[in-house]
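Computed from heavy atoms alone, side chains included, the values below leave out hydrogens, waters and symmetry copies.
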Amino acid sequence: MSFNHQEIEKKWQDYWAEHQTFKTNTFSDKEKVYALDMFPYPSGAGLHVGHPEGYTATDIFSRMKRMQGYEVLHPMGWDAFGLPAEQYAIDTGNSPAEFTEHNIATFKRQIKELGFSYDWNREINTTDPNYYKWTQWIFTKLYEKGLAYMDEVPVNWCPALGTVLANEEVIDGKSERGGHPVVRKPMKQWMLKITDYADRLLDDLEELDWPESIKDMQRNWIGRSEGAEITFNIDGYDEQFTAFTTRPDTLFGATYAVFAPEHPLVEKIVTSEQRDAVNAYRKKIETKSDLERTDLAKEKTGAFTGAYAINPANQEKMPIWIADYVLMGYGSGAIMAVPAHDERDYAFAQTFDLPIKEVVAGGNVDREAFTEDGAHVNSDFLNGLMKDEAIGQMIEWLEDTGKGTGKVTYRLRDWLFSRQRYWGEPIPIIHWEDGSMTAVPEENLPLELPELDEVKPSGTGESPLANSDWVHVTDPKTGMKGRRETNTMPQWAGSCWYFLRFIDPNNPDQLADPKALKEWLPIDIYIGGAEHAVLHLLYARFWHKFLYDVGVVPTKEPFMKLFNQGMILGEGNEKMSKSKGNVVNPDDIVSSHGADTLRLYEMFMGPLDAAVAWSTKGLDGSRRFLDRVWRLVVNEQGVVSEKIVDTSEATPLEKVYHETVKKVTGDFEHLHFNTGISQLMVFINESYKADKIPKAYIDGFVKMLSPVAPHLSEEMWELLGHEDTITYEKWPEYDESKLVEDEVEIVIQIMGKVRTKIHVAKDISKEELEQKAMENERIQELIKGKTVRKVIVVPGKLVNIVAN
RNA sequence: GCGGGUGUGGCGGAAUUGGCAGACGCGCUAGAUUUAGGAUCUAGUGUCUCUUGACGUGGGGGUUCAAGUCCCUCCACCCGCACCA
């Protein structure tokens, strides 16, 4: 007989809701554990089988921690601003708010049907004005501290659609929708000064228990590099420029300079003979997107400006070129080129036949750039020195002579924070007619998004808000007129701090009660997909550090331990996608196999961080295991099986039970759910072989199963005669002494190969063990006529005889 | 190109500090049972060898009494970044 999952799952979900079983007490006396999922964007497609993987992992962890006596915060919410809802609104004329609300309802139903132990009293929705009030509040704080500023930045402008596009909406220089041309157009944008935090974001990675790959990605993204900034005079002009280099030691080998095509000095220094060539080149570059400039540029291109820079080390004239391999956004947008010791400069010099001068010995600069370390040559006071020392000496010389300075540069850019969109948090800024700009005062927050009759592009590149009356404001005191900022925040904004609000979700007076934050921060475990490795996790860390600086949060870092769940692939080992028709819908599985089976299967398929293909057969196997458990506990009449007896006598199951408790507890703690579950299976297999099973073991087993398959476990717990939910029952403990048997099996090897096995008392001495091994008949036979050279004895494990 | 990771049966995957390779599940084989089942139970299942045994963790080499695990080298695949001076 198998259990009726539809009945049982409904029954216990109702019970939990009615009894508020998972309500978290913010200020309880218990030790606190905060287990967080990356909250989802509630898309119209509904839940994907990938979602429950991470959610089940944190749920198992949370449920086990509750049973171990911790107060657990395990919340869920909705990252509900975002492009799809806006696009839907533009396409259909419907309201993005309604669309979003509908999607959330679907997601919530689906998530509830999976039996996760969330405290739904703490549900958060980033589009709720009571929530985004505080997102806006944080923005005004950033603005006050000078960390939010406006700058002219190129955006992807699509004239045909009359709108600005996000990078991911531009494919090969055309709009994803409609394939219209997209051009780069400078517009005034809000920027957040994340670069001020670059060093701290980098350094504090050290103390985090995160996958090394993610930390590395963040390190690369921040891209700290040390070097020097060198000032160059321009021959015949009263102008100077600076160039950043990590190899100031090669300054004597700098034979030309290159500016980014957009470099502001180009206009001033270009000679009349070269003007046409330079303009033509710049025009060509302008139509290329960033992607094309970087991706397709294998061959070096450029144009000579006609001007010369003076090498400050040797006063030699260096022709100044422009080329798109130099990026305006990094360093100062100008470089000194050392073709002998830099591959890019070498390629460029070859293409345009520029001089190559060796200053580091050891390579063959007639054939290729030499980038390794070596003794310096042709370098005056650096001659003979190796790289590190030469760099130090050169920086010293530059600083002494005022020609340059040691400098650290980052790849990380400031965060482009505005979006020309309707469906996002309004940026709470007013631009006054006198040209000044003020933040909306805290008492006027939230600045709510107005309802529009129709969401459609403004046509000017501004957000749809630009055409509504909402933008017009008048200062009640002075009567001055103003215009609201029409840009909204990016989707990242709401997710930068949601984990703080879960701690105190309904606080009307502050972002969260500092006392409560102190109880719960930092987050003990944070699980989500690796696609957020850089942006979300870096932005959230940045805001958190800022909030720490202004005294709002008590910790420097938000997420102590991070884990990335792997992807669930389709049966053919390919990504699930609608077009391949291999998408598995959780609703179907919940209805056919039950939520417990889905949870169990997703945890059993493989390690949590691995990408594993879905298997319907594997899913069936998981259900079969739960049925096996059920049949072991419950007989045909629907009451507890006769095999289960109330006894304290020692039974053959004693050892395997204690082993199971030990392994499952450790494995679940370390998120090794696949191996923990396999141990639960071992216990059940052994129990099937036994005539009688002590009830205490079954009670313990059901407790250990309950985090994985909570509905079934609650049902069995009730049948076993317990009245309350299993949620707060004490987690089983094991007795180490029960794990070792009196007799152990010893492997006897000859030359490292297993020849036989013997049983001996567990505390037998080394000498005795060796003797027993040597006396063994089979061994005697095998070593006859051979010389025993050495015997290695590992007590409790093996004896290895070296004989030949 | 740079950085990170992964290679173990027919498949998903297990294997403390080097100490019985293949736990557990899927699949497969045989038997039992059932009116029937894609149900259930029991046993078996790395490869070759009818036995003894030999071989086996991507390939090659090394250290060791003993290597999936440590070292060198090569190969394949996956992820991220990609002219960042």
Side-chain angles (χ1 to χ4, degrees), chain A residues 1-2 211-221 223-225 227-228 243-248 250 254 257-258 260 293-295 297-300 323-327 329-338 341-345 347-348 409-413 530-531 533-534 564 566-567 573 600-601 604-607 609-622 624-625 627-628 631 663 666 672 674-685 688-689 745-757 789-794 796-803:
Chain A
M1 198 180 77
S2 76
E212 202 49 43
S213 61
I214 302 288
K215 290 206 222 177
D216 254 321
M217 281 193 213
Q218 295 217 344
R219 288 187 193 110
N220 287 338
W221 192 265
R224 181 188 151 99
S225 51
F244 175 75
T245 174
T246 54
R247 295 293 305 274
T250 61
V258 187
R293 272 180 66 165
T294 53
D295 218 42
K298 300 221 165 75
E299 285 159 33
K300 292 282 182 282
D324 65 351
Y325 85 92
V326 174
L327 309 174
Y330 185 77
S332 60
I335 62 156
M336 65 177 213
V338 185
H341 306 290
D342 181 283
E343 279 159 23
R344 297 151 303 183
D345 297 344
F348 191 83
T409 300
Y410 302 89
R411 234 184 64 173
L412 181 71
R413 316 287 168 78
E531 66 273 20
V534 177
N564 294 116
M567 210 184 334
N573 243 305
L600 175 73
Y601 172 60
F604 185 62
M605 337 173 41
D609 56 357
V612 184
W614 183 266
S615 152
T616 304
K617 290 284 190 195
L619 179 74
D620 291 341
S622 292
R624 206 171 302 148
F625 170 67
D627 277 333
R628 253 165 87 75
R631 283 195 310 271
K663 180 139 182 71
H672 297 160
N674 57 331
T675 51
I677 290 165
S678 86
Q679 185 62 38
L680 290 173
M681 291 172 170
V682 168
F683 178 79
I684 290 302
N685 290 346
Y688 261 84
K689 289 176 196 154
E745 193 183 53
I746 299 289
V747 172
I748 306 180
Q749 303 177 329
I750 296 176
M751 300 298 286
K753 292 200 170 97
V754 181
R755 294 300 162 172
T756 191
K757 296 170 184 180
R789 310 208 176 263
K790 197 173 174 186
V791 178
I792 289 107
V793 180
V794 183
K797 286 232 166 86
L798 60 76
V799 178
N800 188 12
I801 300 160
V802 185

If we take the [atom1] atom in both [N] and [M], what is their distance in whole Å?
{"N": "A76(B)", "M": "U8(B)", "atom1": "C1'", "answer": "15 Å"}
{"N": "U40(B)", "M": "C79(B)", "atom1": "C1'", "answer": "44 Å"}
{"N": "U16(B)", "M": "A85(B)", "atom1": "C1'", "answer": "48 Å"}
{"N": "G61(B)", "M": "C55(B)", "atom1": "P", "answer": "14 Å"}
{"N": "A21(B)", "M": "G13(B)", "atom1": "C1'", "answer": "13 Å"}
{"N": "G46(B)", "M": "U57(B)", "atom1": "P", "answer": "16 Å"}
{"N": "U69(B)", "M": "C78(B)", "atom1": "C1'", "answer": "22 Å"}
{"N": "G5(B)", "M": "G58(B)", "atom1": "C1'", "answer": "15 Å"}

Can you figure out which of C41(B), C81(B), G4(B) approaches the side chain of Ser213(A) most closely? G4(B)

Among C65(B), G3(B), A82(B), which nucleotide has an atom closest to any side-chain atom of Val802(A)? C65(B)

Between [N] atom [atom2] and [X] atom [atom1], what is the distance in whole Å?
{"X": "Asp216(A)", "N": "G4(B)", "atom1": "CG", "atom2": "P", "answer": "6 Å"}
{"X": "Lys215(A)", "N": "G80(B)", "atom1": "NZ", "atom2": "C1'", "answer": "17 Å"}
{"X": "Asn573(A)", "N": "C79(B)", "atom1": "CG", "atom2": "C1'", "answer": "15 Å"}
{"X": "Asp342(A)", "N": "G1(B)", "atom1": "CG", "atom2": "C1'", "answer": "13 Å"}
{"X": "Met567(A)", "N": "G5(B)", "atom1": "CE", "atom2": "P", "answer": "19 Å"}
{"X": "Arg219(A)", "N": "C2(B)", "atom1": "CZ", "atom2": "C1'", "answer": "15 Å"}
{"X": "Ile750(A)", "N": "G53(B)", "atom1": "CD1", "atom2": "P", "answer": "11 Å"}
{"X": "Leu680(A)", "N": "A14(B)", "atom1": "CG", "atom2": "P", "answer": "16 Å"}

Do Asn220(A) and Arg411(A) have side-chain N/O donor and acceptor atoms under 3.5 Å apart? no

Could you identify the nucleotide paired to [N], looking across every strand shown and requiring Watson-Crick or G-U wobble geometry with both distances under 3.5 Å?
{"N": "C20(B)", "value": "none"}
{"N": "C11(B)", "value": "G25(B)"}
{"N": "U51(B)", "value": "none"}
{"N": "G68(B)", "value": "none"}
{"N": "C41(B)", "value": "G31(B)"}
{"N": "G1(B)", "value": "C81(B)"}

If you assign Met217(A) and Asn220(A) each to the RNA chain B nucleotide with the nearest heavy atom, which residue ends up on the more 5' nucleotide? Asn220(A)

Which is more 5' along RNA chain B, the nucleotide nearest Glu212(A) or the one nearest Ser332(A)? Just name the residue. Glu212(A)

Walk me through whether Arg631(A) and Tyr688(A) qualify under side chain to side chain contact (heavy atoms under 4.5 Å, CB included). CA-CA 10 Å; Arg631(A) 283 195 310 271; Tyr688(A) 261 84; 3.7 Å; yes

When we call it a touch if two heavy atoms are under 4.0 Å apart, what does Arg413(A) touch: a base, just sugar-phosphate, or nothing? base

For Pro607(A), which contact category applies under a 4.0 Å heavy-atom criterion: base, sugar-phosphate, or nothing? sugar-phosphate

For the pair Tyr325(A) (side chain) and Phe348(A) (backbone), establish whether a donor and an acceptor sit closer than 3.5 Å, ignoring hydrogens and angles. no

Taking only Lys NZ, Arg NE, NH1 and NH2, and the carboxylate oxygens of Asp or Glu, determine whether Lys617(A) and Asp620(A) approach each other closer than 4.0 Å. no

Value for CD1 (Ile801(A)) from CD1 (Ile750(A)), rounded to nearest 0.5 Å, stands at 5.0 Å

Atom CZ in Arg624(A), atom CG in Leu619(A): separation rounded to 0.5 Å? 10.5 Å

Is there a side-chain contact between Tyr601(A) and Trp614(A) in this structure, where contact means two heavy atoms from C-beta onward sitting under 4.5 Å apart? yes

Work out which heavy atom in Val258(A) is nearest to a heavy atom in Ala337(A); give both atom names and the distance. CG2-CB, 4.5 Å

For the student: nearest non-hydrogen atoms of Gln218(A) and Val534(A), plus distance: NE2-O, 3.8 Å

Tell me, for nucleotides 19-39 of chain B in 5' to 3' order, what letter each nucleotide earns: B for a base near a protein heavy atom under 4.0 Å, S for only sugar-phosphate near one, - for neither? BB--BBSSS------------

For G12(B), is chi within 90° of 0 (syn) or not (anti)? anti

